[in-house]
Undergrad: 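Below: one structure in structure tokens.
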Amino acid sequence: MIVRNRFKSFALGLVILLVFSVGAYAVEVDAGTVSDEMFTVNNVWMMVCTFLVFIMHLGFSALECGLTRAKNTVNILFKNISIVSIGLLTYTVVGFSLMYPGEAFAGGFFGFSGFGVGTDAAGLTSAYNPGYTYWTDFLFQAMFAATAATIISGAVAERVKLGSFLVFSALYVAICYPIVGMWNWGGGWLAELGFHDFAGSTIVHSVGGWGALVGIIMLGPRNGKYVNGKIRPIMGHSMPLAAIGVFLLWFGWFGFNGGSVLSADPGMVSMVLVTTNMAAAAGVMSAMVVSWIVQKKPDLSMVLNGALAGLVGVTAGADVVTVGGAITIGAIAGILVVLAVIGFDRLRLDDPVGALSVHLVCGVWGTLAVGIFGHAEIGGLDNELSFVSQLIGVGSVAVFSLVCATGFLFAVKLVMGLRVSKQEEIRGLDIGEHGMESYSGFQIFTTQ
Amino acid sequence: MIVRNRFKSFALGLVILLVFSVGAYAVEVDAGTVSDEMFTVNNVWMMVCTFLVFIMHLGFSALECGLTRAKNTVNILFKNISIVSIGLLTYTVVGFSLMYPGEAFAGGFFGFSGFGVGTDAAGLTSAYNPGYTYWTDFLFQAMFAATAATIISGAVAERVKLGSFLVFSALYVAICYPIVGMWNWGGGWLAELGFHDFAGSTIVHSVGGWGALVGIIMLGPRNGKYVNGKIRPIMGHSMPLAAIGVFLLWFGWFGFNGGSVLSADPGMVSMVLVTTNMAAAAGVMSAMVVSWIVQKKPDLSMVLNGALAGLVGVTAGADVVTVGGAITIGAIAGILVVLAVIGFDRLRLDDPVGALSVHLVCGVWGTLAVGIFGHAEIGGLDNELSFVSQLIGVGSVAVFSLVCATGFLFAVKLVMGLRVSKQEEIRGLDIGEHGMESYSGFQIFTTQ
Amino acid sequence: MIVRNRFKSFALGLVILLVFSVGAYAVEVDAGTVSDEMFTVNNVWMMVCTFLVFIMHLGFSALECGLTRAKNTVNILFKNISIVSIGLLTYTVVGFSLMYPGEAFAGGFFGFSGFGVGTDAAGLTSAYNPGYTYWTDFLFQAMFAATAATIISGAVAERVKLGSFLVFSALYVAICYPIVGMWNWGGGWLAELGFHDFAGSTIVHSVGGWGALVGIIMLGPRNGKYVNGKIRPIMGHSMPLAAIGVFLLWFGWFGFNGGSVLSADPGMVSMVLVTTNMAAAAGVMSAMVVSWIVQKKPDLSMVLNGALAGLVGVTAGADVVTVGGAITIGAIAGILVVLAVIGFDRLRLDDPVGALSVHLVCGVWGTLAVGIFGHAEIGGLDNELSFVSQLIGVGSVAVFSLVCATGFLFAVKLVMGLRVSKQEEIRGLDIGEHGMESYSGFQIFTTQ
Amino acid sequence: MKLIVAYIQPDQLTSVKQSLYEKKVFKMSVTNALGCGQQKGYHESYRGSDIEVNLLKKIRVEVAVNDEYVKATIDGIIDGARTGKIGDGKIFVLDMVDCIRIRTGEEGCEAVG
Amino acid sequence: MKLIVAYIQPDQLTSVKQSLYEKKVFKMSVTNALGCGQQKGYHESYRGSDIEVNLLKKIRVEVAVNDEYVKATIDGIIDGARTGKIGDGKIFVLDMVDCIRIRTGEEGCEAVG
Amino acid sequence: MKLIVAYIQPDQLTSVKQSLYEKKVFKMSVTNALGCGQQKGYHESYRGSDIEVNLLKKIRVEVAVNDEYVKATIDGIIDGARTGKIGDGKIFVLDMVDCIRIRTGEEGCEAVG
Ligand SMILES: Nc1ncnc2c1ncn2[C@@H]1O[C@H](COP(=O)(O)OP(=O)(O)O)[C@@H](O)[C@H]1O
Ligand SMILES: Nc1ncnc2c1ncn2[C@@H]1O[C@H](COP(=O)(O)OP(=O)(O)O)[C@@H](O)[C@H]1O
Ligand SMILES: Nc1ncnc2c1ncn2[C@@H]1O[C@H](COP(=O)(O)OP(=O)(O)O)[C@@H](O)[C@H]1O
């Protein structure tokens, strides 16, 4: 292997600002704890999971486009590709150091090990971690980071100003997500408490979900959604795109959950993949049944949400539940998501893609379900699982996320404004924000 | 590694019925036959192949949507996401136990080791299999299972009742596919006979193909397809979707065939990937040539089918043919598929996506081709390859699949009916079965 | 492992011609230099990278479709699926032997080890290479080969004759690309010189780019693009397709660059993935900023090109730059691409998808950037990096590619003609070349 | 000269074309349209909310004919479009003052056919 | 009998339908169209080149009515479509010579309603 | 007042707009349509079966003008649309009884321009 003693790292900061920072780290070089071969295969698996998580961003983009109107499609794609980039860059500059400050800089609630990323030679051996190199670790975590902001994107779609959203996302993903992440995965107070969130039902999905909730409340519903006290559905413009999105998200979840084992441990990873897939399948079936009963005819968008519901639901406990448990968690998530979509609409919370129902409701459900269906011995955990710890985790993350989101959104609103003009909303954000169309040449009715 | 002694497994049964079942297995714990590292890397490869096979379901969905009309798109997507879920769940409940009953429960034609899935600690070590854990095994096989039903979906598209199709699929994938699978891969009588079907030209593709044939005959052609003795083409509504489908299927085939080696054996897997890709490429080229000659102008849908034809064709023998053999098999498959599409149309068998031509014709061709181009020593097989065994395999699977499909479809027809009303067919199944549209806002001519 | 002593390989030649050729190779069987486990994991990673590079072809197809008009979509998809197949087959017949002739047949500028592919048993062990088997090597390289032709496809879209393009592509990919490739990766004179092109900014992307330039000049602009001295934009018909394309290309780049390490070396591969992703993210952000400033409103198509610009830019030096270097290279590439798109348009070079700006400009930039930001010790290189060598590499490849492209295109023009008739161009190549439509049923304005 | 405008069911277009051919009316122009008349709409449901769709898909056919062809054209349309079910559509007849063939500049009755 | 053709803003369609209902005009046909009038267009920009779009999206509404309904229909359309901003659109009134209901063959005033 | 309806080749729209501008006709409405006339169709082939497409893509232009503009408008359309090839299209002229500008309620000749 090639030895590099010092790495300088430069990082392009938010939107325009270039933040240069040099990180020199000195991880103590232990003798490797696993064989080179094992380290290499672990690392291969983690890199595979990294690209699977990456492609989830295409999944999110496609789903969000599919469930919204054609006149806002350019805007949605623009937001999504920007978020991935913003997520990767802010995570380089501050996120990784906030989320995994390491022992030297740790605190229960907050820690920071300096700007930028970089490693010495030890970071490339199993001395860093038997499961992956420093770089793999960083990239895998960076891919997760952007996800929280992407969740919000769907909830505020079709009415949020582009610039405002990008600034908000950058703040949220740079500050709120890594701090919460540190509480659990970075070894903070939630980890100490025995809170268990395997791959992020709470840490990723509900963090996104709470942000989405604040965004929806502060923006208000889309023009024409609630008229004279009646709900007027605003139909998504492309079910194939929505389905492509869901299939790709499911696909990506092989890496999202499979990689959260943090090694290629055959028994553990393969079991996690089974629980993950079973929960998704169960979510599809139960959403189908409920939708068929409640709506008379089975609604594709509900069933697609059902798959995601199952996946989000099982994410917290994929490593500590039986197959039966996973199916039960997924099935309940599938029921919840359908009822939640309908419920939030009754509450006049206009969520174009069902982000609240999927990520918030099922994120919370999945985290609590760990306290119900989880068996610490399945996951080989040191501590016991407890419903109370789970509840504390859910609650504290809720409070912190709500505070952050509200603060950031208020600030952004004050400085830049949050919502596009009514006229722009009617004509579509594609023309308003970007001056272009997504389906040039196609005849599209824009009565809605 | 984490030790789990007993797994309880619950399984959500067909559509509504919840079947709870507990499986307690006692696989004898041998000393591992390969090193931990080798076991881990083998298992990583098999998990990679599993997600590749998963994404084939998106490929099937996109292809089927692309080659049918916009007014049935919601319905097609709904069927496809449901089938994956049904496939995974029924395979959990009965499929895996029917297909791989293990020695204790085996029979030449039928075996069953009880409801549900589960393993003891040995299932997570190389004692179970040097190539993969119990869970990887199960999930990889479960992903295959759904494929057979998905094949039928395309053939009966645009006219089959949703509920009826789902019930039929569940039965077919729960019962017919695993029993046939056991005959060969589960160590049944076809395996004894020396029948060779590497990754399922017959076991997967022709099982689907025969079911498709029965479905097409029992449903009859789509309204407007054959008018006054003339064939009126019903054009697919989105060639980009169709192409996305084919590329994703080809992509998935890296796992479908690559995983069928059942380990990461470098020489074998990489050779299989080469034969697989070469057959696909040859299928494209020969379909192009034939289509250009026969139809005057080269037809994209034919060339797309050509790629799949090559892939299906080489699937039975990817491990026992030379590169030249693979190219020849693929090229012939590409010719067959174009002629078959035209031929079936002349026979008034209305197959919107060419499922018969691709999966049945080329599945049979590929299986027989093993008897022509296969060399047992390339695949390191114990037994010789023989054309007669291949023929017996093809024939017996045909008979069993036809009987199953006919039986199930008749039963479903009696109880629920098979075909939507003419009016619903004209208006589209999206509105008829789901009350929604796939491309809201777009102006679409529905003269056809 | 299964031992196969001799492989015969047959190869389907260009379009119709079947070229049968038998290759018998005698690689000397060394004792394996790495453990079986390490060899297997290396090979798994390389196979993973192979399928990632494969799916880039779907990325190219989707991007090209998205940025062109609906009336040419069938044609574009047809070209793209054909190119993959042509690339794979010609690489089998001559490409691999031209590019990697091996010592026995080597020359600084040209070498050829005979038609066809094949290996003895040693090719399947680490004696061939510690990183991969002969077959993996071949397939990974073959997937790269088709890329150069695909790049040209985008540049000449919407006006080139189908047959002419296919013949040209076959020639270019069979002859020009492998010879250039040999100069560097095959151990030819550029390698000797110390020219460093890690994964092909020059060898792949600029080879494609120069071909594209010649194609654009020889074909002339699309009808209606430059009218009365004014530029009339011809808008792409589907931004979702374009975005799907870019996400998939980014996804595929994990394999394109990750696989170019030629083993699963944890430190090196993970670092390469980090530099690759960071450059892409930086490209997105800088293209956004420039586009926002120059065009007033941020243009999605520019930002999508920005991601690719970053990726192409970092491809030459992904293994020899720091994270900061990668971000800088990507950011500059993102700026260049926006200016180049606008600049080429001013020069009346009509490039529908921005192939010149992305692959040529950023390919050249990335190669030169190695001489600026590259540190040989990061990549563990034997030789020093020098700007002059990089310049020589860029220049010599330019000359050779331009000569080849011009020669081939002239020959094709003479024999078959290059450009479709004006009437066909107006009606669309889908109907002209294929007699079919891509979006049957949809109402599409064809005023452009 | 008359301009005849007919709204018909989309799936009757082929048979209308057919029966106009039989009446020697070979020229026409077609647009797609949404119509709202006696025919009942249907319900769509999306994510739990219902919406009544009462603008149904129709085809608008426009045929310019000389006066002696008016009857034949109307009969042709009726022949091809009638299914007897509500929603079959309507025919509107308008007076046309002039007609010009762009290619040749011919005017009036000459230009119509 | 008159054939009333109106070009309106796309987002006013629902309210036009509403106000026509109130005037007891239940039947209409709708097409989408592009219009170019006093209303200023907007600029699109694609890959660095600008294009002025002055064909804006409009909805074309066609209503056939008997003479006594003409006023009500025009008023209804104005009520529903007027926002007071440039681009609200226009109404054209044409004379209709005849009207036939395809399903029954009814002619004239009977057929219109 | 007249309502002028023209069917033209899609790719002539820009030049028709141009030449109408030169004639000081600034307002128009455009729909896309399919037309079937003297122009021969073409064959499409899909999965081995042939289909003759004889409904070709056309653009329908509608211009309401005051009587003194009729000639200029017709000439403008012809200027912009004529290529001399079959398929160039036709112009239909209809009498218009009334015209109302929705925004202001203006009627008649005032409203047209
Ligand atoms: N008065 C009218 N004005 C405009 N269009 C009409 C009118 N009456 C009917 N139509 C068109 O004709 C179609 C069929 O009319 P409908 O009343 O549903 O059927 P029927 O004529 O068989 O009773 C409508 O959908 C509409 O497009
Ligand atoms: N003379 C005309 N001929 C055809 N269509 C017209 C004419 N005048 C207006 N229109 C249609 O009405 C729409 C609105 O007209 P515009 O002049 O923009 O607004 P306003 O009538 O409020 O001044 C136009 O976009 C066009 O579709
Ligand atoms: N009698 C008619 N009624 C309605 N539309 C017509 C009529 N004649 C021509 N058209 C329209 O004009 C278009 C061009 O007519 P065509 O006969 O093909 O060309 P040309 O007028 O140059 O001979 C047709 O496609 C159709 O849309």
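Chain A is the first sequence line, chain B the second, and so forth, proteins listed ahead of strands; every chain is numbered from 1.
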Undergrad: Considering residues at least two apart in sequence or located in another chain, which fulfil the side chain to side chain donor-acceptor pair (under 3.5 Å) criterion with D:S49?
TA: A:D345
Undergrad: Please classify the contact between D:K2 and chain E as side chain, backbone, both or neither, with a heavy-atom cut-off of under 4.5 Å.
TA: side chain
Undergrad: For residues 68-80 of chain E, dump all side-chain donor-acceptor pairs below 3.5 Å to protein atoms at least two apart in sequence or in another chain.
TA:
from  : atom 1 : to    : atom 2 : distance (Å)
E:K71 : NZ     : E:D75 : OD1    : 3.1
E:K71 : NZ     : E:D75 : OD2    : 2.7
E:T73 : OG1    : E:Y69 : O      : 2.8

Undergrad: Pick whichever of D:I4, D:I86, D:L3 has the most heavy-atom pairs under 4.5 Å with chain E.
TA: D:I86
Undergrad: Sequence neighbours left out, what passes side chain to side chain contact (heavy atoms under 4.5 Å, CB included) with D:Y21? Give chain and number order.
TA: D:F26, F:C36, F:N54
Undergrad: Determine which residues belonging to residues 88-107 of chain E lie within contact range of chain D, meaning some heavy atom pair is under 4.5 Å apart, and list them by number or answer 'none'.
TA: E:L94, E:D95, E:M96, E:V97, E:D98, E:C99, E:I100, E:R101, E:I102, E:R103, E:T104, E:G105
